[in-house]
Number of protein chains: 2
Amino acid sequence: MRLSTKGRYAVTAMLDLALHGSDGPVTLADISENQGISLSYLEQLFASLRSKGLVRGVRGPGGGYFLGRDADEISIANIICAVDEWVELTRCRGQENCSRGHRCLTHSLWNSLSKQIYEFLEGITLQELIENSDVLDIDGQQKREKESLKLAS
Amino acid sequence: MRLSTKGRYAVTAMLDLALHGSDGPVTLADISENQGISLSYLEQLFASLRSKGLVRGVRGPGGGYFLGRDADEISIANIICAVDEWVELTRCRGQENCSRGHRCLTHSLWNSLSKQIYEFLEGITLQELIENSDVLDIDGQQKREKESLKLAS
DNA sequence: ATAATACTTGACTAATTTACTGGGTTTTAT
DNA sequence: ATAAAACCCAGTAAATTAGTCAAGTATTAT
């Protein structure tokens with residue numbers, strides 16, 4: 001598993017899409033302005049997302065992007081995997097090159113953790129993130145609520 | 001939250017340390033050989049880990065590194081935070097620059113997810129990873145068990 | 001004391017990834 | 001036809017990652 005700023009951009013853009021998609025297709029120009037990501041970088045990201053079927057492009061004037069499937073069918077892991085190439089850097093894949101048992105054990109432990117993280121993110125869908133965010137972010141909100149008003153109009 | 005190969009190296013090295021620390025201090029040269037990470041890169045990582053108190057160096061012949069505290073007191077989040085600088089790239093921090101409500105909402109959702117990931121990794125200690133790995137990795141093992149023998153001696 | 005071992009520090013660099021620029025070409029609503 | 005948008009592609013600057021090199025300092029077995 002790998003969670004970089006690239007993956008973050010992708011998740012952010014997908015969230016934007018999920019929030020606005022009901023009003024019609026969302027243009028990359030909109031997302032670019034909303035999220036402060038350059039248009040061409042978004043094009044790169046969306047090329048990956050499109051190839052994985054996570055978004056659907058509509059060409060021509062009035063066009064833009066929709067989610068490729070329902071928000072409750074898209075996991076965070078789906079999105080991150082689409083843009084972040086999977087890097088398997090353990091030198092001993094399976095049984096080869098395992099000069100000592102320790103190395104394999106360490107790698108096995110890492111794989112176990114990696115899998116846990118993946119499964120965790122696979123268990124969170126865009127839909128859940130949107131629906132539960134208010135609840136989940138409550139204590140974070142409360143800290144700021146004294147000096148700031150409601151953020152989301 | 002950010003999970004890069006750098007963080008992976010750090011976690012891997014810490015696992016190595018946790019596994020061998022009981023036999024006496026572990027040298028970076030050992031870890032370098034076991035995990036295939038260059039010695040000087042390990043030195044960089046361990047400088048960060050040491051400054052956060054996650055490891056303790058023992059100098060002189062026969063020296064090396066120990067865990068800075070018990071394995072059940074060190075979370076994966078601790079390790080990753082020590083080596084991966086925290087990047088907060090949301091342009092609208094709190095309430096500033098929020099031209100539209102949507103941007104803030106998206107960022108709020110991202111922060112919510114980010115927090116979930118952090119708390120998840122904060123909840124996993126080195127100790128738990130070591131103790132539970134066999135259980136956690138069972139179905140992963142089963143997939144490979146047909147073509148490969150036991151990996152860890 | 002001395003040498004071996006091991007950690008410390010810092011500057012430097014190659015490789016990779018990230019993020020972006022700029023130029024196109026299609027497609028399609030109007 | 002025109003313009004708005006997706007789509008495509010080559011390049012590239014900035015940042016990060018991963019590693020090298022070199023000259024230390026500290027510790028301790030001998």
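Here the structure is a predicted model, which means the values were calculated and not measured. Atom set for the values below is all heavy atoms of this structure, side chains included, hydrogens, waters and symmetry mates excluded. Every chain is numbered from 1 and lettered A, B, ... according to where its sequence line falls, protein lines coming before strand lines.
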Using whole Å, what does the distance between atom P of nucleotide dT17(C) and atom CZ of Arg8(B) come to? 12 Å
Whether Ser4(B) contacts dT17(D) is assessed here as follows: a side-chain N or O lying under 4.0 Å from the phosphate OP1 or OP2. Is that the case? yes
Taking only residues at least two apart or on different chains, which pairs with a member in residues 35-56 of chain A satisfy ring-ring contact (aromatic ring centres under 6.0 Å, His included)? Tyr9(A)-Tyr41(A), Phe46(A)-Tyr65(A)
Spacing between Asp84(B) atom CG and dT17(C) atom C1', to the nearest angstrom: 14 Å
Which atom pairs, one a donor and one an acceptor, fall under 3.5 Å between side chains of residues 12-26 of chain A and the rest of the protein, sequence neighbours left out?
residue, atom, partner, partner atom, Å
Thr12(A), OG1, Arg8(A), O, 2.7
Asp16(A), OD1, His20(A), ND1, 3.4
Asp16(A), OD2, Gln35(A), NE2, 2.6
His20(A), ND1, Asp16(A), O, 2.7
His20(A), NE2, His102(B), ND1, 3.3
His20(A), NE2, His102(B), NE2, 3.4

Let me check something: any side-chain donor-acceptor pairs from residues 66-82 of chain A under 3.5 Å, sequence neighbours excluded? List them with distances.
residue, atom, partner, partner atom, Å
Arg69(A), NE, Glu73(A), O, 2.9
Arg69(A), NH2, Glu73(A), O, 3.3
Arg69(A), NH2, Asn78(A), OD1, 3.2
Ser75(A), OG, Ala77(A), N, 3.4
Ser75(A), OG, Asn78(A), N, 3.0
Ser75(A), OG, Asn78(A), OD1, 3.1
Ser75(A), OG, Asn78(A), ND2, 3.3
Asn78(A), OD1, Ser75(A), N, 3.0

From CD1 of Ile37(A) across to C1' of dC20(C) the rounded distance in Å is 12 Å
How close or far is atom C1' of dT16(C) from atom NZ of Lys6(B), stated in whole angstroms? 14 Å
Leu42(A) vs Ser32(A), side chain to side chain contact (heavy atoms under 4.5 Å, CB included): CA-CA, chis, key distance, verdict: CA-CA 7 Å; Leu42(A) 280 172; Ser32(A) 173; 3.8 Å; yes
Thr27(A): partners by side-chain hydrogen bond (donor to acceptor under 3.5 Å, both in side chains), with sequence neighbours left out: Asp30(A)
With 3.5 Å as the limit, what N/O pairs link the protein to nucleotides 4-11 of chain D?
residue, atom, partner, partner atom, Å
dA6(D), OP1, Leu28(A), N, 2.9
dC7(D), OP2, Tyr65(A), OH, 2.3
dC7(D), O4', Arg59(A), NH2, 3.4
dC7(D), N4, Glu43(A), OE2, 3.0
dC8(D), OP2, Arg50(A), NH2, 3.3
dC8(D), N4, Glu43(A), OE1, 3.1

My understanding is that only residues two or more places apart in sequence, or in another chain, count here; which of them pass side-chain hydrogen bond (donor to acceptor under 3.5 Å, both in side chains) with Gln44(B)? none
Five pairs at each end of the helix from dA1(C)-dT30(D) to dT30(C)-dA1(D): take the axis at both ends and give me the angle between them to 10°. 20°
Tyr9(A) OH to dT18(C) P, straight-line distance once rounded to whole Å: 11 Å
Could you tell me which residues satisfy side-chain hydrogen bond (donor to acceptor under 3.5 Å, both in side chains) with Gln127(A), sequence neighbours excluded, listed by chain and number? Glu131(A)
Listed partners of Ser4(A) passing side-chain hydrogen bond (donor to acceptor under 3.5 Å, both in side chains), at least two apart: Asp84(A)
Should Tyr41(A) be listed as having a side-chain N or O under 4.0 Å from OP1 or OP2 of dA19(C)? yes
